[in-house]
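Structure record follows, encoded as structure tokens.
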Protein chains: 2
Amino acid sequence: MTLEQRPAPLPEASRTVFFVSDGTGITAETFGHSVLTQFDLRFRQVRLPFIDTLDKAYEAVRKINEAAIADGQRPIVFSTLVKTELSEVIQRAHAMHMDLIQTFVAPLEQELGVKSTHTIGRSHNIVDSEEYKNRIEAINFSLAHDDGQSHKNLSSADVILVGVSRSGKTPTSLYLAMQYGIKAANYPLIPDDFERGKLPSALYSFKNKIFGLSITPERLSEIRNERRAGSKYASIENCRYEVNEAEVMMKREGIRWLSSTTKSIEEISTTILQEIKPNRREY
Amino acid sequence: MTLEQRPAPLPEASRTVFFVSDGTGITAETFGHSVLTQFDLRFRQVRLPFIDTLDKAYEAVRKINEAAIADGQRPIVFSTLVKTELSEVIQRAHAMHMDLIQTFVAPLEQELGVKSTHTIGRSHNIVDSEEYKNRIEAINFSLAHDDGQSHKNLSSADVILVGVSRSGKTPTSLYLAMQYGIKAANYPLIPDDFERGKLPSALYSFKNKIFGLSITPERLSEIRNERRAGSKYASIENCRYEVNEAEVMMKREGIRWLSSTTKSIEEISTTILQEIKPNRREY
């Protein structure tokens with residue numbers, strides 16, 4: 001790449017962005033990130049979670065105003081505060097306000113013909129819910145069924161991921177469990193399987209919930225070299241052999257699969273859910 | 001609880017909510033959930049991810065209109081579509097539209113004095129970024145350092161969680177890694193430690209990054225009984241002993257800790273980040 005072709009570096013951060021929430025601030029931050037990535041600018045980012053009293057709200061205003069003075073520009077505030085009185089305090093800060101709840105709750109109240117409950121922390125106050133218990137159970141299941149560790153209870157898996165070692169099965173299984181409460185087992189395809197020319201026998205009864213991950217041999221070799229530099233396991237020849245054998249096997253067995261090479265675990269997980277359609281969710 | 005005191009059951013779902021995105025739809029869904037939990041109503045929820053062509057947008061409109069007819073009420077659509085032409089197609093569906101990007105991007109363009117890039121999938125097109133690599137590395141680190149499995153490289157941990165068995169260390173470590181790229185080791189406090197009256201010796205050099213999780217003996221006994229019903233390990237007497245000893249030890253050693261009993265892994269993780277303040281993030 002010549003100098004001329006290089007994209008200009010992003011300007012230094014001169015604006016501060018605050019994520020203000022009465023809960024963890026995860027919603028405000030997730031949403032704020034997704035809007036801010038639409039701008040080729042850098043932002044200094046500060047999360048202010050658990051702002052659930054007037055005192056904490058005034059303290060937040062102080063911090064926002066300090067940043068305004070330090071930056072010489074008003075900060076941007078993404079807030080999710082369900083109590084109107086807290087929201088009103090934050091609005092007094094010298095900032096550009098993006099009030100996520102108030103912006104959408106009022107029109108929804110009108111549409112649905114009911115008042116919102118304005119209950120703080122409701123979306124996170126979930127420890128006793130079925131859904132939360134399912135998530136924790138799914139995390140434990142996915143850990144116990146990582147890397148073909150256990151054949152037990154495969155019948156209660158929602159998804160069984162297969163693929164060569166280091167193709168992305170473990171992070172994907174954990175993400176499916178953590179985000180969606182999906183019990184995701186994962187099973188490596190290893191040279192023994194390729195020599196036998198068959199899937200691991202424990203898997204045959206569950207073909208409808210198997211999903212494969214593949215990866216380019218080049219990327220696989222890179223990843224494996226980080227772990228075991230210079231090994232046969234990491235060599236490009238061996239990676240080519242394993243990836244090819246695994247893809248041939250998945251095609252022959254009619255297993256749906258995708259290449260994880262350029263996909264994030266979020267994208268892989270979303271695609272798997274679309275394809276496997278576990279009972280408990282609608283897509 | 002008498003019949004009169006019971007909260008009225010939520011009405012049956014009669015509205016459909018769609019989360020429409022050119023990416024995974026995770027942002028739209030996270031945000032939509034947090035707004036919808038403010039209403040005591042049930043909704044049928046459908047995610048339509050990867051809507052990144054006109055054809056797919058028309059197909060989405062068809063699905064939304066079908067739901068409108070089936071429900072006899074117009075659906076609610078939370079959308080994050082960065083391309084104006086896709087967003088315009090979706091707007092034609094008979095629905096109440098909550099267009100998250102368009103609502104906030106236009107005012108931000110004005111505030112920042114630059115145009116947004118309108119680049120699809122930008123927030124998820126992150127596989128090559130440092131941040132994404134850190135997350136994957138952190139997941140691997142947290143798995144390798146689960147339950148005191150390895151003393152190696154504890155110096156590169158951002159956080160070391162301690163607590164009695166089943167106090168919530170593992171899901172919290174994995175969440176910190178997955179969501180924030182935080183390398184979180186976890187270390188059980190076991191009866192041997194209590195008898196010796198000392199923290200595991202591997203931990204002494206890292207006291208500034210240790211964080212403790214505790215839990216009520218009653219809840220701990222419940223959780224342990226799900227695993228090993230009727231065991232001494234799960235008995236309320238033993239749980240009382242272990243929890244008490246662990247709390248005494250954490251206080252004596254000056255370790256910050258919280259009770260995980262009524263907190264979600266998101267809330268626990270947010271609190272830990274506020275307390276430990278790992279270098280790479282600002283709070």
Side-chain angles (χ1 to χ4, degrees), chain A residues 15 23-27 30-31 33-35 37-41 44-47 49-50 76 80 82 96 98 100-101 103-105 107-108 111-112 114 116-119 122-124 126-127 132 136 139-140 143 146 170-171 174-175 178-179 262-267 269-271 274 282-283, chain B residues 15 23-27 30-31 33-35 37-41 44-47 49-50 76 80 82 96 98 100-101 103-105 107-108 111-112 114 116-119 122-124 126-127 132 136 139-140 143 146 170-171 174-175 178-179 262-267 269-271 274 282-283:
Chain A
R15 285 264 196 176
T24 61
I26 291 166
T27 303
T30 304
F31 177 71
H33 278 175
S34 121
V35 172
T37 50
Q38 292 297 312
F39 294 92
D40 276 334
L41 296 170
R44 201 167 70 88
Q45 306 190 16
V46 183
R47 185 158 33 135
F50 304 127
I76 294 161
T80 51
V82 300
M96 183 198 192
M98 317 284 248
L100 306 186
I101 300 283
T103 305
F104 291 109
V105 163
L108 264 176
E111 174 75 18
L112 297 169
V114 294
S116 70
T117 55
H118 291 286
T119 316
R122 200 182 168 89
S123 63
H124 301 292
I126 49 176
V127 179
Y132 187 74
I136 298 293
I139 295 170
N140 290 330
L143 280 174
D146 184 36
T170 297
L174 290 172
Y175 187 82
M178 183 115 26
Q179 181 80 12
T262 60
K263 287 192 164 63
S264 68
I265 48 178
E266 286 83 351
E267 290 169 321
S269 301
T270 302
T271 306
Q274 278 191 303
E282 182 163 5
Y283 280 89
Chain B
R15 286 263 195 175
T24 60
I26 292 167
T27 303
T30 303
F31 177 71
H33 278 176
S34 121
V35 172
T37 50
Q38 292 296 313
F39 294 92
D40 276 334
L41 295 170
R44 200 168 70 90
Q45 306 190 17
V46 183
R47 185 154 36 132
F50 304 127
I76 294 161
T80 52
V82 300
M96 183 200 191
M98 317 284 248
L100 306 186
I101 301 284
T103 305
F104 291 109
V105 163
L108 264 176
E111 174 75 18
L112 298 169
V114 294
S116 70
T117 55
H118 290 287
T119 316
R122 199 180 169 91
S123 64
H124 301 292
I126 50 175
V127 180
Y132 187 75
I136 298 293
I139 294 170
N140 290 329
L143 279 174
D146 184 35
T170 296
L174 291 172
Y175 188 82
M178 184 123 9
Q179 180 81 9
T262 59
K263 287 190 164 61
S264 68
I265 49 179
E266 286 84 352
E267 290 169 320
S269 301
T270 302
T271 305
Q274 277 191 304
E282 182 163 3
Y283 281 89

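We use all heavy atoms of the structure for the numbers below, so side chains are in, but hydrogens, waters and symmetry mates are not. Order of the sequence lines fixes the chain letters, A, B, ..., with proteins taken first and strands second; residue numbering starts at 1 for each chain. These numbers come from a predicted model, not from an experiment.
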Engaged part of B/Thr170 at the chain A interface, taking heavy atoms whose separation is under 4.5 Å | side chain
Among the options B/Leu108, B/Leu143, B/Leu174, B/Asp146, pick out the one with the most heavy-atom pairs lying under 4.5 Å from chain A.
-> B/Leu108
Identify the heavy atoms of A/Gln274 and B/Pro49 that sit nearest to each other, and give their distance.
-> NE2-CG, 3.5 Å
Note: B/Arg47 and A/Thr270 closest approach over all heavy atoms is NH1-OG1, 3.6 Å
Side chain, backbone, both or neither of B/Leu112 within contact of chain A (heavy atoms, under 4.5 Å) = both
Heavy-atom closest pair, residues B/Val105 and A/Phe39 | O-CZ, 3.9 Å
Considering all heavy atoms, the nearest A/Thr117-B/Thr37 contact | OG1-O, 4.2 Å
Where on B/Ile136 is there a heavy atom nearer than 4.5 Å to chain A: the side chain, the backbone, both, or neither?
-> side chain
Scanning both residues in full, the closest heavy-atom pair of A/Thr103 with B/Phe104 reads OG1-CZ, 4.0 Å
Can you say whether B/Met178 sits under 4.5 Å from chain A via the side chain, the backbone, both, or neither, judging by heavy atoms?
-> side chain
Against chain A, work out which of B/Ser269, B/Ser116, B/Pro171 has the most heavy-atom pairs shorter than 4.5 Å and name it.
-> B/Ser116
Nearest non-hydrogen partners of A/Tyr132 and B/Lys263, listed with the distance = OH-O, 4.0 Å
Selection from B/Leu100, B/Ile101, B/Thr271, B/Val35 maximising heavy-atom pairs under 4.5 Å formed with chain A | B/Leu100
For the atom pair CZ (A/Arg15) and CD (B/Glu111), what is the distance rounded to the nearest 0.5 Å?
-> 4.5 Å
Under the ring-ring contact (aromatic ring centres under 6.0 Å, His included) test, which residues partner B/Tyr175, sequence neighbours left out?
-> none
